[in-house]
Q: 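Submitted below is the structure of interest, expressed as structure tokens.
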Amino acid sequence: VGVTDYAAACAVHSSLAATNSQIKAREGILIRNEVAKLEAVSDGLSNSIMIVESAGRPSLFRKGAKVGTPPTQRVNGGGWSRPASDLIFKGSTADGTSSPGTCAANCTNGVDTGTTAFPHPTYGTDGTSEPYSFHSAGVSAVMGDSSVRFIRSSTNIVTFAAMITRDGGEVFSDE
């Protein structure tokens, strides 16, 4: 399967919401195995991320450097139109070694699933990808209105999570 550096932003993971009371575990615009409906995006199409960079998959990257080589170290995802190529946002620690965390983008491109067979016993066919690019300052995202935004790596985790959800009613500044 051809590899892609972009992932459908499907949801905010419940583990991230459990670590921060300001974050809601909710679905994004694109939901696996469902038809996306524009009327479901009450946060506004220009405020909701539909697709975001998650570069380098299935290889594992942290803070701009490749870590090991597949299949020893890898993320669950990367193949175009393959199960597990989605992104269920968890954030990561600043060093990119675990999740959830307070780093929204560019700390890691995903959770290391190592040599575990697919489907993964914990993640199943869900992707373990995180927002990541080879631009040092941030990631590109396609919003629900088809506009493209460059979102800075310094963006607060609460703001980034709000941009992933489609109907959380969050209010955020234009960081």
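Computation of the quantities below employed the complete heavy-atom set of this structure, encompassing side-chain atoms and omitting hydrogens, waters and symmetry-equivalent molecules. When a residue number appears, it is its place in the shown sequence, counting from 1.
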Q: Side-chain contact test, heavy atoms from C-beta onward, threshold under 4.5 Å: evaluate it for K63 versus C107 and give yes or no.
A: yes
Q: What's the shortest heavy-atom distance between V3 and R57, and which atoms?
A: CG1-O, 2.9 Å
Q: I29 and I31: same hydrophobic cluster, using ILVMFWY side-chain contacts below 4.5 Å?
A: no
Q: Please report the closest heavy-atom contact between N106 and H135, naming both atoms and the distance.
A: ND2-O, 2.9 Å
Q: Ignoring hydrogens and geometry, is there a side-chain-to-backbone donor-acceptor pair from D43 to G168 under 3.5 Å?
A: yes
Q: Would you find a donor on one side and an acceptor on the other, under 3.5 Å apart, between the side chain of R149 and the backbone of I49?
A: no
Q: I'd like to know if V142 and I164 are part of one continuous hydrophobic network [Ile/Leu/Val/Met/Phe/Trp/Tyr, side-chain heavy atoms within less than 4.5 Å].
A: no
Q: Within this structure, what is the CG-CD1 distance for the pair L87 and I51, rounded to the nearest 0.5 Å?
A: 11.5 Å
Q: Under 3.5 Å, sequence neighbours excluded: what are the donor-acceptor pairs made by side chains of residues 6-15?
A:
from: H13; atom 1: ND1; to: S15; atom 2: N; distance (Å): 3.0
from: H13; atom 1: ND1; to: S15; atom 2: OG; distance (Å): 2.8

Q: Treat each ILVMFWY residue as a node, draw an edge where side-chain heavy atoms are under 4.5 Å apart, and state whether V148 and Y132 are in one component.
A: no
Q: Grab the two heavy atoms, one from F89 and one from E130, that are nearest each other, plus how far apart they are.
A: CD1-OE1, 3.5 Å
Q: Between OG of S154 and CZ of F160, what distance do you get to the nearest 0.5 Å?
A: 11.5 Å
Q: Hey, does V111 have a side-chain heavy atom less than 4.5 Å from the side chain of Y123?
A: yes
Q: When rounded to the nearest 0.5 angstrom, what is the spacing between CE in M163 and OG in S48?
A: 8.5 Å
Q: For T125 and R32, does a side-chain donor sit closer than 3.5 Å to a side-chain acceptor?
A: yes
Q: For a quick test of reading the model, state the closest non-hydrogen atom pair linking L16 to P100 and the distance between them.
A: CA-CB, 3.8 Å
Q: For residues V139 and P131, report the shortest heavy-atom separation together with the two atoms involved.
A: CG1-C, 4.0 Å
Q: CG of N109 to CZ of F134: how many Å apart, nearest 0.5 Å?
A: 7.0 Å
Q: Test D167 against every option in K37, K24, R26 by the salt bridge (Lys or Arg N to Asp or Glu O under 4.0 Å) rule and name the one that passes.
A: R26
Q: Can you tell me how far NZ of K90 sits from OG of S99, rounded to the nearest 0.5 angstrom?
A: 5.5 Å
Q: Would you say the side chain of D126 lies within less than 4.5 Å of the side chain of N76, judging by non-hydrogen atoms?
A: no
Q: Go through it in stages, so that I can follow the logic: the residues are E53 and S140, the test is side chain to side chain contact (heavy atoms under 4.5 Å, CB included), and I'd like the CA-CA distance, side-chain angles, deciding distance and then a yes or no.
A: CA-CA 6 Å; E53 277 187 278; S140 296; 3.3 Å; yes
Q: Do R74 side-chain atoms and T115 backbone N/O form a donor-acceptor pair below 3.5 Å?
A: no
Q: Which value, rounded to the nearest 0.5 Å, describes the distance between N47 atom CG and S42 atom OG?
A: 10.5 Å
Q: List the atom of G138, the atom of F150, and the distance in Å for their closest heavy-atom pair.
A: N-CZ, 3.3 Å
Q: Could you pull out all residues at least two apart from T122 that satisfy side-chain contact (heavy atoms from CB on, under 4.5 Å)?
A: H120
